[in-house]
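A short write-up of the structure that comes next.
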Amino acid sequence: MMMLETKEIKKSYGNRLNRTEVLKGIDLDIEKGEFVSIMGASGSGKTTLLNVLSSIDRVSSGHIFIEGEDITTMKDKRLADFRKNDLGFIFQQYNLLDTLTVKENILLPLSIRDMKKSEVERQFEIVATELGIFDLSDKYPNEISGGQQQRTSAARAFIHQPKIIFADEPTGALDSKSASSLLMKLKQINTNSHSTIMMVTHDATAASYSSRVVFLKDGIVYSTLRKGERSQEDFFKEIMNTQSVLGGVSVES
Ligand SMILES: Nc1ncnc2c1ncn2[C@@H]1O[C@H](COP(=O)(O)OP(=O)(O)OP(=O)(O)O)[C@@H](O)[C@H]1O
Ligand SMILES: [Mg+2]
């Protein structure tokens with residue numbers, strides 16, 4: 001079964017007299033364990049797509065299935081539960097709570113569930129170690145670097161072992177060293193725990209860490225590249241080529 005499947009999703013903004021169709025019929029099939037990047041020019045609908053896939057926003061028409069379950073027809077309450085239990089999020093701005101420690105921030109998604117304390121500790125140790133922030137557990141967000149904050153936010157996204165992690169420009173606010181450190185960790189978790197990741201990025205280097213790149217243009221899927229057996233460097237070159245053909249790809253976020 002597909003992890004994520006979309007059928008002809010469309011999204012428009014505006015009112016009856018003045019409507020803009022941002023997504024014009026998107027069909028995607030994402031398998032469990034895939035690490036997918038979404039690229040395209042500024043305004044091409046990347047964030048809009050991620051927001052409807054992750055149920056932050058509703059589609060105008062079409063369907064989105066996550067493990068076969070249609071989230072476009074779910075009632076709000078059920079959808080809120082689904083989002084909390086089955087999805088993980090990493091945003092460009094780290095969205096950490098300043099008054100909580102690194103560890104408390106990471107454990108937030110677990111607080112609503114009844115899990116044994118020893119199990120919580122075990123899960124925390126695994127994820128924090130994987131992301132290289134275990135030693136920072138008792139620090140507050142303003143005591144650690146931007147890269148460490150974003151790895152904390154990634155740990156928080158992974159802690160409850162969601163079905164899919166959604167990331168919108170997760171490296172957008174990071175310097176290149178912190179960015180590659182985060183991407184290496186995401187890739188590692190993706191490989192080791194077979195988690196499914198969908199990441200919006202305008203950066204070809206960031207995209208080269210994923211296993212597939214989906215290019216959006218004018219609200220449709222313009223093309224798809226799969227890494228396959230090639231090296232990350234060759235994949236990077238291919239992504240750059242496609243970007244230059246596509247044109248108008250923004251350099252700012
Ligand atoms: N809430 C909204 N109301 C009206 N129009 C919107 C809304 N959100 C986005 N849009 C429009 O939809 C289009 C796509 O926006 P979106 O944010 O998805 O682009 P993007 O590909 O993420 O761009 P960027 O690379 O700049 O982040 C843009 O023209 C934008 O102005
Ligand atoms: Mg965007």
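All values derive from a computational prediction rather than experimental measurement. Position 1 is the first residue of the sequence, and the numbers go up from there. Order of appearance sets the numbers: ligands from 1, and atoms from 1 within every ligand.
One option in Gly43, Gly172, Gly40 has a heavy atom closer to atom 14 (C) of ligand 1 than any other, and that option is Gly43.
The shortest N/O to N/O separation between Thr48 and ligand 1 falls below 3.5 Å.
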Go through Glu67 and Lys163 one step at a time and tell me if the salt bridge (charged side-chain N to carboxylate O under 4.0 Å, His left out) criterion holds.
CA-CA 9 Å; Glu67 283 192 326; Lys163 294 191 163 103; 3.4 Å; yes
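If you number the atoms of ligand 1 from 1 as listed, the ones under 4.0 Å from a heavy atom of Ala41 come out as 21 (O).
Residue Gly14 places every heavy atom at 4.0 Å or more from ligand 1.
A donor-acceptor pair under 3.5 Å is formed between the side chain of Ser145 and the backbone N or O of Gln148. Put simply, the side chain of Ser153 never gets that close to the backbone of Ile90: no donor and acceptor are under 3.5 Å apart. Panel note: side chain Arg212, backbone Arg226; no donor-acceptor pair is recorded below 3.5 Å.
Only one option out of Arg83, Lys77, Arg78 pairs with Asp81 in a salt bridge (Lys or Arg N to Asp or Glu O under 4.0 Å); it is Lys77.
Residue contacts to the Mg ion (ligand 2): Ser42 brings no N, O or S atom closer than 2.8 Å.
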